[in-house]
Amino acid sequence: METESEPYVRLTTLRQLHQVMADMNTARSLADTLQTVADGVVNGLGYELACVNLVRGDGDLVVAAFAGNAAAEALITGRVGSRPSWERRLTMGEAWGDLRFIPHTEGWVLDEDDVPQWYTDGPAPRFEDEWHPADRLFAPMYTPGGPGNACGELIGVLSVDRPRNGRRPGAWGREALQMYAFQAAIAISNARLRANMQRALVRLEREQQALRASEESFRQAFEYAPSGMAIAEMGGDQHGRILRSNDALCRLLGRPASAMRRYSFSDLVHPEDIGTLLRTSAEGGRAELRLGRRDGTYLWVSLRNSVVADAADGPRFLLTHVEDIEDRKRRELQLAHRASHDALTGLPNSAELRTRLSSRICQRPHSTHPGEIESIDAAYGHPAYDGTAPATGSGFDFRSDADVLDAYDHHVHAIAPEGERDDGTKGLAVLFCDLDGFKSINDRFGHNAGDAVLIEVARRLGRAVRDGDTVARLGGDEFVVLADGLGKADAQDLAVRLRNEIIQPIRVDGRAVRVGASFGIGWAHCGKTADEVLKSADERMYVEKRSRPKQHRRAG
């Protein structure tokens, strides 16, 4: 390339410059681009040596490519120069536009810094513009914001040495090198962008492969899980609607997958368990409830919810695990039934009787004055007071306001008929039954015969009462009936009807035996305990038993 008077530029030189720039912009990778930049300085711009110093992430510059001398390339490629040392070089010497030329008269101060450099031999200059072996020429490369532009950042520096004609570059040569450095910065930036894009694409492809593998693993785990699983919508109007169910859940509920998509869990749950379902429909919720099968039966299951997202910030769904716990629940219910029911007759036992009776009556607040317990109802507007405490100075000594609220709020009080005549009051009647003549059956025919009699009496009592009434075996030959909504006459009629059922002959081992029954009628009402109510009915039963002639007790 001509660097003398440069009155014109030869077409061959322009072709060479065009070719090296084309090669620079068509390199396949960042490493190829860097090497092409260095080669272009030698092949297109006519310098004997060229080095590409690239800015690293930490700001220092590394020798990324070298051209013109294999020995020098092996010596300095990969070596690093600190950013402060480079900034000092780029502010020394003479500014040729964006280029920086440091003549040999000043370059000796650079011998002690850490910038990688090479040394060329040659005679001392014989004339003014001849290149000295210690001269240094640097072409900074900036981001495409433009050379000298405040928004452009330094991405590297081209170091060149010894033009082939042995002379310092003239105006044309300087402009050509500066233009080349500008184009090289664009090519390097584009190569970096392509490299980043390629790395991102590779990373994205790996992530997609991992996602596909994860989705396939989830699909197989979902489809072939031994327990039932379902994916349901989360939130919105369609909350809980089943979007997908696995084969185990379909088999469990006896419904095909196509039919399952028409339901939500609230459609399938037992009506008594809908509240439990709503309380446990969020993430991490657990519940034991009943789900409906296709044949109309219900199955006890354990539900466990977790939340899954379709993608980052995408829709969220409920993943529900459904486990069959029918056998365990059946065993638990059987154990609970055994704990609360008489083993011989199957009737509720004494503990269950007291539980049911206690649930109907509350303990009224204590009063310090005898006789004032009856007036508490009036003070509080019995049977449903207005929520305010009685006036101060009323003489009542309540344990706390909470006692009053617990005793009266949300509770329909049990009341009892008063006096000997039927005043129309309906209450909870407690009929205490004791069998007459039962001991003689045990003594004459044995305990097996006695057990058979008890079983038949329990059956007859259960058959004679209404749905919702309770027949319990208190122990031995004692039974209790709880019948709600009865007046005095109703309770007496019920006692007569039950006695008539009991006194009918009972066949045991081919023989007919008879037992009688004595009934005492008590009334449950708030302010008494279950034991007090049962004791009252028991005492009335003994009064009734003693009032009847012994020979007529068995026949009723």
Side-chain angles (χ1 to χ4, degrees), residues 26-34 54-58 64 143-144 155 187-269 277-289 291 301-325:
T26 56
R28 300 179 60 182
S29 66
L30 177 60
D32 290 344
T33 299
L34 295 171
L54 193 65
V55 177
R56 303 191 311 181
D58 60 3
T143 55
I155 65 171
I188 293 173
S189 296
N190 290 339
R192 274 181 165 173
L193 180 60
R194 288 195 302 270
N196 290 337
M197 289 179 62
Q198 289 172 351
R199 284 194 294 269
L201 288 173
V202 171
R203 184 169 60 251
L204 179 60
E205 177 60 25
R206 289 175 179 171
E207 291 174 353
Q208 288 178 339
Q209 289 178 353
L211 179 60
R212 287 192 293 268
S214 176
E215 289 176 344
E216 178 61 19
S217 297
F218 173 80
R219 187 191 68 80
Q220 292 193 15
F222 181 88
E223 292 295 342
Y224 301 113
S227 60
M229 297 180 69
I231 297 176
E233 288 194 14
M234 182 177 180
D237 296 338
Q238 299 294 317
H239 180 80
R241 185 173 68 88
I242 297 172
L243 302 174
R244 187 175 175 183
S245 54
N246 70 348
D247 187 59
L249 181 58
C250 293
R251 291 196 310 270
L252 196 64
L253 300 182
R255 303 175 187 269
S258 58
M260 290 290 290
R261 288 192 291 270
R262 297 198 296 265
Y263 298 102
S264 66
F265 278 107
S266 60
D267 298 326
L268 299 173
V269 74
L277 176 68
L278 295 177
R279 289 191 297 271
T280 57
S281 60
E283 179 178 8
R286 293 172 178 264
E288 293 185 357
L289 43 77
L291 293 181
V301 298
S302 171
L303 295 187
R304 185 174 71 255
N305 292 326
S306 56
V307 175
V308 295
D310 186 36
D313 299 326
R316 291 158 64 85
F317 302 94
L318 276 178
L319 176 63
T320 303
H321 296 255
V322 183
E323 183 181 356
D324 181 0
I325 60 170

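No experiment lies behind these values; they were computed from the predicted model shown.
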Among all residues two or more places apart in sequence or in another chain, which pass the side-chain hydrogen bond (donor to acceptor under 3.5 Å, both in side chains) test with Ser189?
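By the side-chain hydrogen bond (donor to acceptor under 3.5 Å, both in side chains) rule, Ser189 matches no residue at all.
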Under the rule for side-chain hydrogen bond (donor to acceptor under 3.5 Å, both in side chains), what residues qualify as partners of Arg206, not counting sequence neighbours?
none
Residues which pass salt bridge (Lys or Arg N to Asp or Glu O under 4.0 Å) with [X], listed by chain and number, not counting sequence neighbours:
X      : value
Arg194 : none
Arg212 : Glu205
Glu233 : Arg241

Quick one: list whatever passes side chain to side chain contact (heavy atoms under 4.5 Å, CB included) with [X], sequence neighbours left out.
X      : value
Leu204 : Glu207, Gln208
Asp32  : Ala27, Arg28, Ser29
Arg56  : Asp58, Asp60, Val62, Val80
Ser302 : Glu288, Glu323, Ile325

Show me the donor-acceptor pairs within less than 3.5 Å that the side chains of residues 261-268 make with the rest of the protein, sequence neighbours left out.
unit_1: Tyr263; atom_1: OH; unit_2: Arg255; atom_2: NH1; d: 3.4
unit_1: Ser264; atom_1: OG; unit_2: Ser266; atom_2: OG; d: 2.8
unit_1: Ser264; atom_1: OG; unit_2: Asp267; atom_2: OD2; d: 3.2
unit_1: Asp267; atom_1: OD2; unit_2: Ser264; atom_2: N; d: 3.0

Look up atom CG in Leu303 and atom CG in Leu318, then write down how far apart they are to the nearest 0.5 Å.
10.5 Å
What's the separation between atom CD1 in Ile155 and atom CG in Leu54, rounded to the nearest 0.5 Å?
7.0 Å
Give every donor-acceptor pair under 3.5 Å between a side-chain atom in residues 216-228 and any protein atom, sequence neighbours left out.
unit_1: Glu216; atom_1: OE1; unit_2: Arg219; atom_2: NE; d: 3.2
unit_1: Glu216; atom_1: OE2; unit_2: Arg219; atom_2: NH2; d: 2.8
unit_1: Glu216; atom_1: OE2; unit_2: Gln220; atom_2: NE2; d: 2.8
unit_1: Ser217; atom_1: OG; unit_2: Ala213; atom_2: O; d: 2.9
unit_1: Glu223; atom_1: OE2; unit_2: Arg244; atom_2: NH2; d: 3.3

